[in-house]
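Down below is the structure, laid out as structure tokens.
For this chain, numbers begin at 1 and follow the sequence in order. Each ligand, and each atom within it, is numbered from 1 in the order the structure gives.
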Amino acid sequence: MESDASEAAWAALMELASRPGAAAIRPLFAADPDRFARYSRQAGDLLLDFSKTAISDDVLKALLALARARDMAGFRARLFAGAAVNETEGRAALHMALRAEAGDAFRAGSEDIMPEVLAVRARMEAFARAVHERRILTAKGERFTDVLNIGIGGSDLGPAMVARALWTEGAPLRGNYLANVDGHAFDEITARLDPARTLVLIASKTFTTQETMANAMLARDWLRAAVGEAGASAHMVALSTNLAATAAFGIAPERVFGFRDWVGGRFSLWSAIGLSLALTLGWDAFARLLAGARAMDQHFQVAALEENLPVLLALVEAWHVNGLGYPSRAVLPYDERLARFPAHLQQLEMESLGKRVALSGAPLTRASGAVVFGEPGTNAQHSFLQLLHQGTTPVPVDFILVARPDHAHADSHRKLLANGLAQAEALLAGKDAAAVTAEMRAAGVHEAEIARLLPHRIFPGDRPSVTILLPRLDAFTLGQLVALYEHKVATLGALWGLNPFDQYGVELGKQLAGAILPEISAGTAQPGAHDGSTSGLMGKIAALWPEGRG
Ligand code: F6P
């Protein structure tokens, strides 16, 4: 049961949402020429513009009242104090400590965790620099040219997203990311690598994940075939909390970089899991990434709720999901370097907020996590934006714009920005019957044809979006951006009263895959063990791939 105060705050919000015209945005702009200034906030390098939403003064007041009723300040304080906010697993969520500096205080329960954080970070730096300065070499005494990071979920998506965003020619090493337990992926990636020049990082918090361990074993064989069994150990590194399992796999202790259970997988790119970034981008870039995230941590921790970017982003989402009943959201970065950012957010948000019960275990009485999807613009405009403009259910959008490019093609960048701004404007403004009619008449279209096409050419408008504007994309601003969304997720967890730090929902499939695997090997389903569809499909697969038994 929620407290009376938060029930009353939700009720007040829902009352505003039920008023006629509650979803309309255009009248708000018409009534207030200063709307952009009043509904945008700056924190560090990031500008958040949420003026293109149906949030009025009354709605914002109700949202902030909800945040207060949900004791957002208390939640923030407990999060940063290292309380066991991950209640189901009895753990703190202290990814902020991973980007903290000496002198910052972080404790998990009663333990001061900063000495260990700084010690692991120093070991990572020493290792990365030794590789760059060719003091750590391949088994054959040559320099490493490539890193192959083997991991999945949070042990892949965060680092792969950052590498895609920040890697440039001239960086110290090339980065390659293998996640899927699909031999095609393994073959594709190893075909372009020389094992004798590749450093393999096995990135797994648990060091038990089926996909990662299968790929790690294939990679170990691949290395051994090239540089021998003794040589292979010079090419392997483990990033894990499970030191017993890394030792059993044959990785020397000095090649293991650890972290602790208070780091969730989807929040782990700042930990040893980020070693691929330190190696491929250089230590200074990795340190700037951490510094950017730390700047956002400090903002989130101290800024008043009404000025607090992660809190405001979360409140906008609550308005859309709960108030207006919009169940999904698109993330459109207008920067090709952020191509993997939507994928990272999918795990961060959907693994965190895709929950159906409250912390108490009682079923949630209102909707929680939105479906998140996205692609870089302008590509997305030529695929799914049609539905966002004219589909039956509005899909709020996060536009991410970068003011200054890092290339010399200013005209391309002007076009990119023009498109991003135009899409947000089109979603808001729409195009009514009068405008469509006038345009078609001006083009000389016959009246009967205008009448026939009119409904198809109308855009309803009033479709909400927020825009996050970065001055440029670099390690420091990217750190701020990723941490903004991390804290948004934590805030939504507190607003909805669920645990954003566990992920029991991924377990059932893993268990069933473990049961099905021996049956695929045997070429036959256990009678009565599965539903008819699963058994039937197994039979078909066995017939189509008889040599798959083994
Ligand atoms: O899919 C569930 C999950 O536990 C994610 O939360 C995690 O990021 C991923 O698997 C990988 O886990 P690990 O790092 O332990 O291999």
Requested in this report: May I ask you to decide whether Asp146 forms a salt bridge with Arg192, counting only side-chain N to carboxylate O separations under 4.0 Å?
Outcome: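 The answer is no: the pair does not qualify as a salt bridge.
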**Report entry** Check ion pair Asp284-Arg129 (N to O, under 4.0 angstrom)
**Finding:**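 Yes, charged N to carboxylate O under 4.0 Å.
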Query raised in the report: Do Phe50 and Leu315 have side-chain heavy atoms sitting under 4.5 Å apart?
Result: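 The answer is no, as the side chains (C-beta and beyond) never meet within the 4.5 Å cut-off.
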Residue and atom name of the nearest protein heavy atom (relative to [atom]), distance in Å to one decimal:
atom                    : value
atom 11 (C) of ligand 1 : Ile152 O, 3.2 Å
atom 15 (O) of ligand 1 : Thr206 OG1, 2.6 Å
atom 12 (O) of ligand 1 : Thr209 OG1, 3.5 Å
atom 10 (O) of ligand 1 : Lys510 NZ, 4.3 Å

Report summary line: Honestly, for Val506 the part within reach of ligand 1 (heavy atoms, under 4.0 Å) is side chain
Query raised in the report: For Thr212, is at least one N or O under 3.5 Å away from an N or O on ligand 1?
Result: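 There is no such contact.
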Query raised in the report: Yes or no on side chain to side chain donor-acceptor pair (under 3.5 Å) for Asp474 and Thr477, after CA distance, side-chain angles and deciding distance?
Result: CA-CA 5 Å; Asp474 58 25; Thr477 58; 3.1 Å; yes
Requested in this report: Can you sort out which atoms of ligand 1 are near Gly153, meaning under 4.0 Å from one of its heavy atoms?
Outcome: 8 (O)
Requested in this report: Go through ligand 1 atom by atom and flag the ones less than 4.0 Å from a non-hydrogen atom of Ser155.
Outcome: 13 (P), 14 (O)
Distance-only criterion, 3.5 Å: show the donor-acceptor pairs between side-chain atoms of residues 216-228 and protein atoms not counting sequence neighbours.
residue, atom, partner, partner atom, Å
Arg220, NH1, Phe249, O, 3.0

Requested in this report: Please work out which of the three classes, parallel, tilted or perpendicular, describes the rings of His235 and Phe144, given edges at 30° and 60°.
Outcome: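 Because their plane-to-plane angle is over 60°, the rings of Phe144 and His235 count as perpendicular.
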Query raised in the report: Should the ring pair Tyr485 and Phe341 be called parallel, tilted or perpendicular, given that the plane angle runs from 0 to 90° and is split at 30 and 60?
Result: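 Perpendicular, since the angle between the ring planes exceeds 60°.
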Requested in this report: Return the option from Gly151, Gly154, Ala203 holding the heavy atom at the smallest distance from atom 8 (O) of ligand 1.
Outcome: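 Closest candidate by heavy-atom distance is Gly154.
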Query - Identity of the nearest option to atom 5 (C) of ligand 1, non-hydrogen atoms only, from Gln503, Glu351, Gln210 - result: Glu351
Query raised in the report: Is a side-chain donor or acceptor of Ser240 paired with a backbone partner of Lys205 at a separation under 3.5 angstrom?
Result: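 Confirmed, Ser240 side chain pairs with Lys205 backbone.
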Query raised in the report: Under a heavy-atom criterion of less than 4.0 Å, does Gln347 contact ligand 1?
Result: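 It does; at least one heavy atom falls under 4.0 Å.
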